[in-house]
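Both backbone and side-chain heavy atoms feed into the values below; hydrogens, waters and symmetry mates do not. Remember, it's a predicted structure, so these values are computed and weren't measured experimentally.
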Amino acid sequence: MKRFLKIGGITLAALLLFAALTFAAGYFLSFKQAEIPFPGQATLDTGPFLPGDAVTGKLRFELPLHSRIRSVEVRPGTGAVAAGEPAIRRSAWRFTRMEYRLNFELRPFREGEIPQGSVTVHLTGHDPVTAAIPAFKVDEPQKNDDAAVALAAPADMAKNRAVYLWAALAAAVAAAAA
């Protein structure tokens with residue numbers, strides 16, 4: 001049994017050493033790659049879109065292992081705004097490269113054609129790289145008859161009652177402590 005554990009430990013150590021050396025070799029070889037292949041265009045969800053709808057954009061790209069992302073700047077076309085922060089996620093490791101996925105959200109605030117925008121990724125040790133956000137169309141909201149518009153349902157008081165009880169309890173504890 002001792003011999004089995006000893007051989008297993010040596011094998012595991014050899015595999016971990018091999019994995020570390022492979023990663024280190026890929027990391028140092030990635031310095032030889034001067035060019036960063038960057039996609040020309042991001043992809044957007046398929047429409048139709050209305051003003052205020054969330055339009056999700058995606059961008060997949062690869063960087064050399066030694067490069068790191070400092071910041072991402074999303075500049076949508078006129079008539080839309082970037083909503084929230086872009087989400088960056090590592091998705092795959094290759095010998096000298098790391099694949100990243102960038103998700104961002106746009107919100108159009110007018111109908112009509114929204115022109116092309118851009119996504120700029122600022123990197124450590126390299127010039128910023130830019131990809132285009134394609135133009136998209138925002139439809140005009142449909143107008144309803146006044147008779148067809150339903151009134152909103154009243155708020156459910158049972159759900160709100162617990163909030164009021166907790167607020168009253170917190171006020172009582174604060175008054176007792178004072």
Side-chain angles (χ1 to χ4, degrees), residues 22-24 26-156 159-160 162-163 166-167:
T22 302
F23 181 80
Y27 179 80
F28 289 117
L29 286 174
S30 72
F31 281 97
K32 290 186 175 188
Q33 299 174 351
E35 183 182 318
I36 295 178
F38 204 73
Q41 193 165 13
T43 59
L44 295 177
D45 288 342
T46 56
F49 303 113
L50 295 174
D53 284 352
V55 180
T56 303
K58 295 178 175 83
L59 181 66
R60 291 176 63 178
F61 57 95
E62 290 184 356
L63 294 176
L65 283 177
H66 71 276
S67 295
R68 297 285 177 252
I69 298 172
R70 282 191 293 146
S71 63
V72 176
E73 186 178 343
V74 177
R75 280 183 257 136
T78 306
V81 294
E85 291 292 319
I88 305 166
R89 200 171 63 102
R90 292 183 195 161
S91 62
W93 173 72
R94 291 167 177 50
F95 183 59
T96 60
R97 300 188 159 289
M98 182 71 70
E99 183 180 288
Y100 291 91
R101 291 183 185 199
L102 172 71
N103 295 329
F104 57 92
E105 189 174 286
L106 306 176
R107 295 222 181 233
F109 56 83
R110 66 171 173 84
E111 63 268 351
E113 187 73 21
I114 305 296
Q116 179 175 324
S118 66
V119 176
T120 304
V121 179
H122 299 275
L123 306 169
T124 58
H126 292 285
D127 293 333
V129 287
T130 303
I133 299 173
F136 60 98
K137 186 177 184 336
V138 179
D139 297 334
E140 185 176 337
Q142 293 183 356
K143 308 222 186 305
N144 293 331
D145 292 341
D146 288 338
V149 176
L151 294 176
D156 187 12
K159 291 179 184 174
N160 294 336
V163 173
W166 282 108

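- Here the side chains of Phe104 and Ile133 are in contact, with some heavy-atom distance below 4.5 Å.
- In terms of modelled atom types and a separation under 3.5 Å, the side chain of Arg70 and the main chain of Leu123 share a donor-acceptor contact.
- Residues Met98 and Ala92 come closest through the heavy atom pair SD-O, 3.2 Å.
- Minimum heavy-atom separation, Thr130 to Ser118: CG2-CB, 3.9 Å.
- Contact between Leu106 and Ala82 at its shortest, heavy atoms only, is CD2-CA, 4.2 Å.
- The shortest heavy-atom contact between Thr120 and Pro128 is CG2-CB, 3.8 Å.
- How far CD1 of Ile69 is from CG of Leu63: 5.5 Å, rounded to the nearest 0.5 Å.
- Scored by the side-chain hydrogen bond (donor to acceptor under 3.5 Å, both in side chains) test, Glu99 finds Arg60, Ser91, Arg94 as partners (sequence neighbours excluded).
- The nearest pair of heavy atoms linking Pro134 to Gln41 is CB-NE2, 2.9 Å.
- Summarising the geometry, atom OH belonging to Tyr100 is positioned 11.0 Å from atom CD belonging to Glu62; distances are rounded to the nearest 0.5 Å.
- Partner Leu59 forms a side-chain contact (heavy atoms from CB on, under 4.5 Å) with one of Val74, Val119, Asn103 and no other, that one being Val119.
- Residues satisfying the salt bridge (Lys or Arg N to Asp or Glu O under 4.0 Å) test with Arg107, not counting sequence neighbours, are Glu105.
- Under the salt bridge (Lys or Arg N to Asp or Glu O under 4.0 Å) criterion, Arg75 pairs with Glu73, sequence neighbours left out.
- Within the 4.5 Å cutoff, side-chain heavy atoms of Val55 are placed close to those of Pro108.
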Expected list for residues 43-50: side-chain donor-acceptor pairs under 3.5 angstrom, two or more places apart:
from: Thr43; atom 1: OG1; to: Lys58; atom 2: O; distance (Å): 3.3
from: Asp45; atom 1: OD2; to: Thr56; atom 2: N; distance (Å): 3.3
from: Asp45; atom 1: OD2; to: Thr56; atom 2: OG1; distance (Å): 3.4

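- In this structure, CZ in Arg90 is found 14.5 Å from CZ in Arg101, a value given to the nearest 0.5 Å.
- Considering every non-hydrogen atom in both Pro86 and Val72, the closest pair reads CG-CG1, 4.0 Å.
- Applying the salt bridge (Lys or Arg N to Asp or Glu O under 4.0 Å) rule to Glu85 yields no partners; only residues at least two apart in sequence or on another chain are considered.
- Take Ser71 and apply the side-chain contact (heavy atoms from CB on, under 4.5 Å) test, not counting sequence neighbours, and it matches His122.
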